[in-house]
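Below: one structure, written as C-alpha cells.
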Amino acid sequence: MKKIGETIAHLRKNLNMSQRDFERIKQSTIANIEIHNRLPRVDTFLELISELHVNLDEFMFILNDYAYDERTALFKDIRGIRHSLYAKENTELKKRLDYYIKSNPRDLFVQDLKIILESYIKISDSDTYEIDSPESFAIYDRIEDQKYWTYEQIYIMSKLFYIFPEKRALELVQRIDLEFKKYDSYENTQSSRIAFLLNAGGYRISKHLYNEALPLVEEARDLSSENDNLVMMSFANAEIAKIKYYNRDKSTAQALIDNAITILSLSDKQKLADDIERTWEKYVDSFD
C-alpha cells in the first residue's frame, strides 16, 4: 500500500502539476504532505483530492495499489452472495473474515458480516428462516435504538430481520425500508434494497401475509427491471407467482415460474433455477 503523500504526488505528477499549481493550498503544505512530514486536515485533504480530479473512493483505491482494501472487499463479496445456497461454498470468504477479525478485533461491522454468512448457512441447511442465532439478537439490541443508522447498519439489519420473532421482524421491516430510502441516491445501494424487499416479501409470504407481501415483491421486481438485474427479477417473479397461486390464478403463477426458471437457466444460473423449481413444487404441494 502506498502512503497518502506518495499517492498525492503520483496523481499530481500524472496531471503534470507542480506543487505550486494548487489554487487553494499552499506549496509548503503540499510539500510537507508529500514527504510525510504532516497529514492533511480533513478539509484540506478533500480540497486537495478535488483539485486532483478524484473522489475519496477512487483515491483510496489508488492508495491501495489499485485494489479495494480488505474491509471493502469483504463487504463487496458478502453482497455478491445472492442466495443462501452459495454461502456454504464460500469457505475462502469465511477464512478471510476470520483472519481480518483476528487482526481487527474492534471492527464490529465485519464481525456482523460473519454472522450474516453463518446465518445464510444455517438457513440453507434447515430450509427455514426460523434458526437459532443469539448473535443476531445481540446485533439487534446494539443497533435498534439508535436514532440514525449508517448504511452499513441498515445492510446488516436487512439481512437479519427474518430471524427475529414475527412481531419484532415485521416492525423492523418498516424501519429498514425507511432507512434504505434515505440512501436511494447513495452509490451501490439498489441491489441491497432489492434483496431486502425480496426477503421482506418472502418472509411475509411464509407467514401467509399475502396482501402485505405483494407490494414489496412488486417493487423488488420493478427495481430489478430498472437495473437490468435479471436474477433478482426472476426471484421477484417467483414470489409473485406464490401470491397469484394463493389467489387461484394458477395459470399466471405457472407462467411466472416457467419464465424465471428459463431466464436463470439461460443465464448459466442453473443452481438457482433448480432452487426456484424445488421451492415452487414444495409450495404447490402444501396446498394439496
Side-chain angles (χ1 to χ4, degrees), residues 55-58 60-61 67-87 89-90 93 96-97 109-110 112-117 119-121 123-124 129 139 143 149-163 172-205 213 215-240 256 259-260 263-264 266-273 275-276 279:
N55 60 30
L56 179 59
D57 286 341
E58 186 175 0
M60 298 306 297
F61 187 78
Y68 291 110
D69 63 272
E70 182 62 2
R71 187 181 193 272
T72 303
L74 286 168
F75 187 24
K76 183 174 179 290
D77 290 344
I78 288 286
R79 292 202 311 269
I81 301 174
R82 300 299 185 192
H83 197 283
S84 60
L85 284 170
Y86 290 142
E89 299 175 358
N90 281 271
L93 180 54
R96 286 169 52 204
L97 287 164
F109 177 62
V110 178
D112 293 347
L113 292 180
K114 182 183 177 185
I115 291 169
I116 286 175
L117 185 62
S119 298
Y120 278 9
I121 294 171
I123 290 168
S124 181
Y129 288 134
I139 293 173
I143 297 175
W149 289 354
T150 65
Y151 173 64
E152 290 181 350
Q153 291 171 331
I154 298 167
Y155 178 83
I156 293 296
M157 296 295 260
S158 77
K159 293 299 181 183
L160 294 175
F161 75 88
Y162 40 74
I163 294 171
L172 189 56
V173 164
Q174 297 176 349
R175 169 86 188 265
I176 293 169
D177 199 31
L178 289 173
E179 296 291 343
F180 257 127
K181 286 177 181 176
K182 296 177 185 177
Y183 281 82
D184 267 352
S185 59
Y186 190 63
E187 189 175 8
N188 298 324
T189 61
Q190 284 296 339
S191 61
S192 296
R193 183 158 184 252
I194 292 168
F196 160 68
L197 291 168
L198 279 176
N199 283 333
Y203 177 83
R204 291 183 183 226
I205 290 170
L216 295 172
V217 292
E218 285 183 333
E219 186 173 4
R221 177 201 58 197
D222 295 343
L223 286 173
S224 299
S225 178
E226 290 172 13
N227 289 272
D228 295 322
N229 191 328
L230 294 178
V231 172
M232 296 297 234
M233 189 170 68
S234 297
F235 273 95
N237 280 331
E239 296 299 329
I240 294 171
L256 287 168
N259 180 259
I263 287 174
L264 291 173
L266 292 174
S267 302
D268 199 25
K269 304 287 185 183
Q270 192 59 48
K271 189 173 183 178
L272 296 180
D275 180 63
I276 281 182
T279 302

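Atoms CG and CZ, from Leu198 and Phe235 in turn, are 8.5 Å apart once rounded to the nearest 0.5 Å. From Ile154, atom CD1 reaches atom CD1 of Ile143 across 10.0 Å, with rounding to the nearest 0.5 Å. Taking CD of Gln153 as the start and CG of Asp112 as the end, the distance is 8.5 Å to the nearest 0.5 Å.
Remark: side-chain polar atoms of Asp275 are not paired, donor with acceptor, to backbone N or O of Lys271 under 3.5 angstrom. A donor-acceptor contact shorter than 3.5 Å is absent between the side chain of Glu239 and the backbone of Ala236. Asn55 places a side-chain N or O within donor-acceptor distance of the main-chain N or O of Asp57, the cut-off being under 3.5 Å. Distance alone, capped at 3.5 Å, places no donor-acceptor pair between the Trp149 side chain and the Glu179 backbone. Between the side chain of Thr279 and the backbone N or O of Ile276 there is no donor-acceptor pair closer than 3.5 Å.
For residues 220-230, no residue pair satisfies the salt bridge (charged side-chain N to carboxylate O under 4.0 Å, His left out) rule, not counting sequence neighbours. Applying the salt bridge (charged side-chain N to carboxylate O under 4.0 Å, His left out) definition to pairs two or more places apart or across chains, those involving residues 189-205 are Asp177-Arg193, Arg193-Glu219.
Using the six-membered ring where Trp is involved, Tyr155 and Tyr151 have ring planes that are tilted, between 30° and 60° apart. Ring orientation note: the planes of Phe161 and Tyr203 are nearly perpendicular, at an angle over 60° on the 30°/60° scale. In this pair, Phe75 and Phe109 present their aromatic rings perpendicular. The plane angle is above 60°, beyond the 30 to 60° band.
Side-chain contact between Ile78 and Leu117 is present, with at least one heavy-atom pair separated by less than 4.5 Å. Side chains of Val110 and Lys114 form no contact here, defined as non-hydrogen atoms less than 4.5 Å apart. In this structure the side chain of Ser158 never reaches within 4.5 angstrom of the side chain of Asn199, judged on heavy atoms. In this structure the side chain of Lys159 never reaches within 4.5 angstrom of the side chain of Ser119, judged on heavy atoms.
There is a side-chain donor-acceptor pair under 3.5 Å between Asp69 and Thr72.
Every residue two or more places apart in sequence or in another chain that forms a side chain to side chain contact (heavy atoms under 4.5 Å, CB included) with Phe61 is listed here: Tyr66, Tyr68.
Surrounding NZ of Lys182 are more than 12 heavy atoms belonging to other residues, nucleotides or ligands, all under 6.0 Å away.
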